[in-house]
Amino acid sequence: MKKILLILSSVLLIVLTACGSKTSSITKDDIEIVNVHTKEKVSYGMSRVEAEKVLGKGEMGSENNFDYEKGVEITYKDDKVISIGLGKDSDGIFETSHGLKIGMLGSEITELYGGSQNKMDLSDDRFLVFSYEAKKGEFIHTFPATTEGAPEVQIYTFTFYIDYNQYVGSIDLTDMTPQK
């Protein structure tokens with residue numbers, strides 16, 4: 001009996017530790033969504049053909065943006081995924097690889113990304129924005145005014161629209177690295 005209690009306690013500790021874990025960075029590998037039913041993924045760098053095997057045929061919105069059923073929007077550059085958006089229709093169907101989903105509390109997002117000291121400084125409280133400069137290895141609070149003449153930067157930005165009840169209404173996972 002003691003052995004069973006010890007095993008159950010260990011499993012519970014692992015689960016609680018994983019649920020409370022924070023992320024200390026954002027990488028291009030985090031730009032990924034998962035279908036919660038089929039476990040199929042759409043990831044940064046996938047070709048449009050690969051993404052549409054998971055999402056079905058998309059409708060072109062603005063330049064390089066495609067809208068898909070079930071509340072997914074993809075931006076492509078050179079026919080490769082560079083940005084993934086989730087809207088209200090994705091609720092219960094898609095979530096990010098970190099389990100972020102429509103309808104969760106904005107405070108849960110803030111906690112996952114290490115607290116309010118890591119979010120960008122914005123005048124609009126309806127948006128939570130976390131930008132990570134990968135080469136420096138740190139969250140940034142404002143975008144560089146210019147990247148001309150500056151060392152190369154790699155910026156990954158996660159934007160969450162928060163409704164008036166403090167719930168996530170949309171998610172945008174984007175490679176914001178300046179294009180040359």
Side-chain angles (χ1 to χ4, degrees), residues 7-114 118-119 126-132 134 156-177:
I7 291 171
L8 288 174
S9 296
S10 297
V11 169
L12 182 60
L13 181 62
I14 290 168
V15 169
L16 289 174
T17 303
C19 290
S21 66
K22 295 178 183 172
T23 185
S24 59
S25 68
I26 298 173
T27 71
K28 66 181 175 188
D29 294 335
D30 297 324
I31 301 173
E32 177 177 79
I33 58 170
V34 180
N35 182 308
V36 298
H37 305 292
T38 66
K39 304 303 179 206
E40 293 176 294
K41 298 177 180 182
V42 176
S43 306
Y44 179 91
M46 278 181 119
S47 72
R48 183 171 159 209
V49 169
E50 292 171 312
E52 289 190 344
K53 284 181 183 175
V54 175
L55 301 170
K57 182 96 171 112
E59 288 188 33
M60 187 172 210
S62 60
E63 185 179 338
N64 298 319
N65 274 358
F66 285 79
D67 296 319
Y68 295 91
E69 288 187 25
K70 300 177 182 88
V72 177
E73 181 181 311
I74 304 288
T75 302
Y76 298 96
K77 180 178 186 288
D78 299 327
D79 204 36
K80 303 281 185 196
V81 174
I82 63 164
S83 178
I84 303 172
L86 295 177
K88 287 206 180 275
D89 291 343
S90 71
D91 188 19
I93 302 167
F94 287 98
E95 61 185 37
T96 74
S97 59
H98 284 290
L100 306 176
K101 55 191 169 195
I102 301 301
M104 66 189 306
L105 285 169
S107 59
E108 293 175 288
I109 303 278
T110 301
E111 184 177 319
L112 178 70
Y113 286 102
N118 287 337
K119 68 180 188 170
R126 294 175 301 166
F127 292 93
L128 285 177
V129 180
F130 295 90
S131 286
Y132 190 79
Y156 303 108
T157 299
F158 287 8
T159 304
F160 305 90
Y161 170 75
I162 307 300
D163 68 20
Y164 291 106
N165 294 313
Q166 301 304 304
Y167 291 100
V168 174
S170 69
I171 299 171
D172 187 45
L173 316 172
T174 304
D175 178 354
M176 297 289 291
T177 301

Problem - V42 vs L55, side chain to side chain contact (heavy atoms under 4.5 Å, CB included): CA-CA, chis, key distance, verdict - result: CA-CA 8 Å; V42 176; L55 301 170; 3.9 Å; yes
Problem - Verdict with supporting geometry, N64 and T75, side chain to side chain donor-acceptor pair (under 3.5 Å) - result: CA-CA 5 Å; N64 298 319; T75 302; over 6 Å; no
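The list of side chain to side chain donor-acceptor pair (under 3.5 Å) pairs with a residue in residues 49-59, not counting sequence neighbours, reads S47-E50, R48-E52, E52-Y68. Identified under the side chain to side chain donor-acceptor pair (under 3.5 Å) test for residues 81-91, with sequence neighbours left out: S83-D172, S83-T174.
Listed for the N35 side chain is no donor-acceptor partner under 3.5 Å among the backbone atoms of E40. With hydrogens and angles ignored, the 3.5 Å screen pairs no side-chain donor or acceptor of D78 with any backbone N or O of K80.
Around atom CD of E108, more than 12 heavy atoms belonging to other residues, nucleotides or ligands sit under 6.0 Å away.
Here E73 contributes atom CD and N65 contributes atom CG; the two are 4.5 Å apart, rounded to the nearest 0.5 Å. Summarising the geometry, atom CE belonging to M104 is positioned 7.0 Å from atom CG belonging to L112; distances are rounded to the nearest 0.5 Å. L86 contributes atom CG, which lies 12.0 Å from atom NZ of K101 (distance to the nearest 0.5 angstrom). Atom NZ of K119 sits about 7.0 Å away from atom CZ of F130, to the nearest 0.5 Å. A distance of 12.5 Å separates CD1 in I33 from CG in L100, rounded to the nearest 0.5 Å. Going from atom CD1 of I31 over to atom CD1 of I26 covers 8.5 Å, rounded to the nearest 0.5 Å.
The heavy-atom pair separating G92 from V36 by the smallest distance is O-CG2, 3.2 Å. Minimum heavy-atom separation, S43 to E32: OG-OE2, 2.5 Å. Looking at every heavy atom in both residues, M176 comes nearest to T157 through CG-OG1, 3.2 Å. Pairing each heavy atom of V34 with each of S97, the nearest pair is CG2-CA, 4.3 Å.
At a cut-off of 3.5 Å, with distance as the only test, no side-chain donor of D30 or Y156 sits close to an acceptor on the other residue.
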Report all side-chain donor-acceptor pairs from residues 159-170 shorter than 3.5 Å, counting only partners two or more places apart or in another chain.
residue : atom : partner : partner atom : Å
D163    : OD1  : N165    : N            : 2.9
D163    : OD1  : Q166    : N            : 3.1
D163    : OD1  : Y167    : N            : 2.9

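Applying the side-chain contact (heavy atoms from CB on, under 4.5 Å) test between I171 and each of L128, T96, I109 identifies T96 as the sole match.
Put simply, the side chain of V81 reaches to within 4.5 Å of the side chain of Y76, judged on heavy atoms.
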